[in-house]
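Computed over heavy atoms, backbone and side chain alike; hydrogens, waters and symmetry mates excluded.
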Amino acid sequence: MTYHAERPRRLITAGQVARITQQPRRNSMANILKYGDKVHLQNGWDNWNGGFLDTNSSDPNATGSKHGVSTAPTPTRGSGTGTWEITSASGKPVGAEVISGDAVYLRNGWDNWNGGFLDTNSSDPNATGSKYGVSTSPGKDRADGSGRWRVFAETSSPVDSKVREGDRVHLLNGWDDWNGGFLDTNSSDPNATGSKYGVSTTAYIDRGTGTGTWRFSKAQA
């Protein structure tokens, strides 16, 4: 019988162990969403080809609204139209981490952050199966809860309740004691030139495969 000499084992120093274990944590901490972050929202329909949440033109069906909301092929269709600022609807300070289940406002960056707040308003005649139309309003809550959105992440890594870039999320509207429906893409928007899909709310988390699923990415400074 032939014996082979055991290969010498490579020892890992304590410093190397620290670097290995800390690196994923640094990455996971860096992409946690915080209040005050400027973000894009991408829709999951058609394998993440549902477009980016965007303000475009006006909404003739939404009395008291500021701009219509649809999705666009890119997050930069117009200057700031596809960029949104996350602010707390429960008084959390700027810099606090966004936790799954938090209620937020989303302010649009068009016209030097005068694009209005994401809002439900009236119905959407172009969106079969929808609950309410979605537009922006000049103020945070045009009607009681209409401008509030509760962010629910499906999961995250690590599993610590924090919401991160790339997490699959659903946004529930606060109108009528949180019965405003889930943010959803549906059909086209005839009022929004250059848009991809219309945006409304629906009673279902995912009315179509991915239509009610979104993911955040931080906007370039």
Side-chain angles (χ1 to χ4, degrees), residues 26-44 48-57 65-120 134-142 146-154 156-157 160-174 182-185 192 194-197 199 212-221:
R26 282 202 302 268
N27 289 343
S28 65
M29 292 293 286
N31 60 8
I32 294 172
L33 295 182
K34 296 181 175 67
Y35 289 104
D37 279 351
K38 314 298 194 295
V39 298
H40 306 302
L41 270 164
Q42 186 180 17
N43 184 257
W48 296 105
N49 283 300
F52 294 85
L53 194 68
D54 185 76
T55 50
N56 191 329
S57 307
S65 66
K66 193 162 179 120
H67 298 292
V69 172
S70 51
T71 64
T74 73
T76 53
R77 183 195 59 80
S79 178
T81 59
T83 305
W84 303 82
E85 181 186 38
I86 307 172
T87 61
S88 176
S90 62
K92 290 188 176 182
V94 170
E97 295 170 337
V98 179
I99 304 299
S100 182
D102 275 2
V104 306
Y105 296 112
L106 292 168
R107 181 169 69 126
N108 186 256
W110 166 248
D111 190 23
N112 195 28
W113 295 102
N114 284 302
F117 292 86
L118 192 68
D119 184 73
T120 50
V134 173
S135 51
T136 64
S137 68
K140 288 181 176 179
D141 270 318
R142 180 192 52 79
S146 65
R148 301 180 194 187
W149 301 85
R150 203 171 286 280
V151 181
F152 293 104
E154 292 183 3
S156 194
S157 180
D160 56 6
S161 299
K162 298 172 185 177
V163 182
R164 292 172 171 82
E165 291 184 86
D167 287 351
R168 296 167 60 95
V169 302
H170 307 280
L171 289 94
L172 176 66
N173 185 255
F182 291 92
L183 192 67
D184 184 73
T185 50
S195 65
K196 192 154 188 167
Y197 296 108
V199 173
T213 304
W214 302 80
R215 62 185 177 191
F216 289 96
S217 61
K218 294 182 183 180
Q220 297 280 333

Test side-chain contact (heavy atoms from CB on, under 4.5 Å) on Asp37 and Val98; report intermediate values, then the result. CA-CA 10 Å; Asp37 279 351; Val98 179; over 6 Å; no
Go through it in stages, so that I can follow the logic: the residues are Asp167 and Glu154, the test is side-chain contact (heavy atoms from CB on, under 4.5 Å), and I'd like the CA-CA distance, side-chain angles, deciding distance and then a yes or no. CA-CA 7 Å; Asp167 287 351; Glu154 292 183 3; over 6 Å; no
Using the side-chain contact (heavy atoms from CB on, under 4.5 Å) rule, take Val104 and Tyr35 through it: C-alpha gap first, then chi angles, then the decisive distance, then the call. CA-CA 9 Å; Val104 306; Tyr35 289 104; 3.7 Å; yes
Run the numbers on Asp141 and Phe117 for side-chain contact (heavy atoms from CB on, under 4.5 Å), then give the verdict. CA-CA 8 Å; Asp141 270 318; Phe117 292 86; over 6 Å; no
Apply side chain to side chain donor-acceptor pair (under 3.5 Å) to Asn56 and Ser70, showing your working. CA-CA 7 Å; Asn56 191 329; Ser70 51; 4.5 Å; no
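Side-chain contact between Glu97 and Lys92: absent, with no pair of heavy atoms (C-beta onward) separated by less than 4.5 Å. Looking only at side-chain heavy atoms (C-beta outward), Tyr105 and Arg148 come within less than 4.5 Å of each other. In this structure, the side chains of Leu41 and Leu106 come closer than 4.5 Å at one or more pairs of heavy atoms.
Taking CD1 of Ile86 as the reference point, atom CH2 of Trp149 lies at 14.0 Å (rounded to 0.5 Å). Interatomic distance, Lys38 NZ to Thr83 OG1, rounded to the nearest 0.5 Å: 10.0 Å. Taken from OG in Ser100 to CG in Leu33, the straight-line distance is 11.0 Å, to the nearest 0.5 Å.
Exactly one of Arg77, His67, His40 qualifies for a side-chain hydrogen bond (donor to acceptor under 3.5 Å, both in side chains) with Asp54. That residue is Arg77.
A side-chain donor-acceptor contact under 3.5 Å links Asn108 to the backbone of Trp110. No donor-acceptor pair closer than 3.5 Å links the side chain of Arg107 to the backbone N or O of Thr87. Formation of a donor-acceptor pair under 3.5 Å by the Asn173 side chain with backbone atoms of Ser146 is found in this model. Remark: side-chain polar atoms of Asp160 are paired, donor with acceptor, to backbone N or O of Lys162 under 3.5 angstrom. Using modelled atom types, one side-chain atom of Thr136 and one backbone atom of Gly115 make a donor-acceptor pair closer than 3.5 Å. Looking only at distances, no side-chain donor or acceptor of Arg150 sits under 3.5 Å from a matching main-chain atom of His170.
When every heavy atom of Gly139 is checked against every heavy atom of Ser137, the shortest pair comes out as O-OG, 2.7 Å.
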Enumerate, atom names and distances included, each donor-acceptor pair closer than 3.5 Å involving a side-chain atom of residues 214-221, sequence neighbours excluded.
residue	atom	partner	partner atom	Å
Trp214	NE1	Leu183	O	3.0
Arg215	NE	Gln42	OE1	2.9
Arg215	NH2	Gln42	OE1	3.2
Lys218	NZ	Ala30	O	3.1
Lys218	NZ	Ile32	O	3.1

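Scanning for side chain to side chain contact (heavy atoms under 4.5 Å, CB included) contacts around Asn49 gives Asp46, Lys196, with sequence neighbours left out. Under the side-chain hydrogen bond (donor to acceptor under 3.5 Å, both in side chains) criterion, Ser65 pairs with no residue, sequence neighbours left out.
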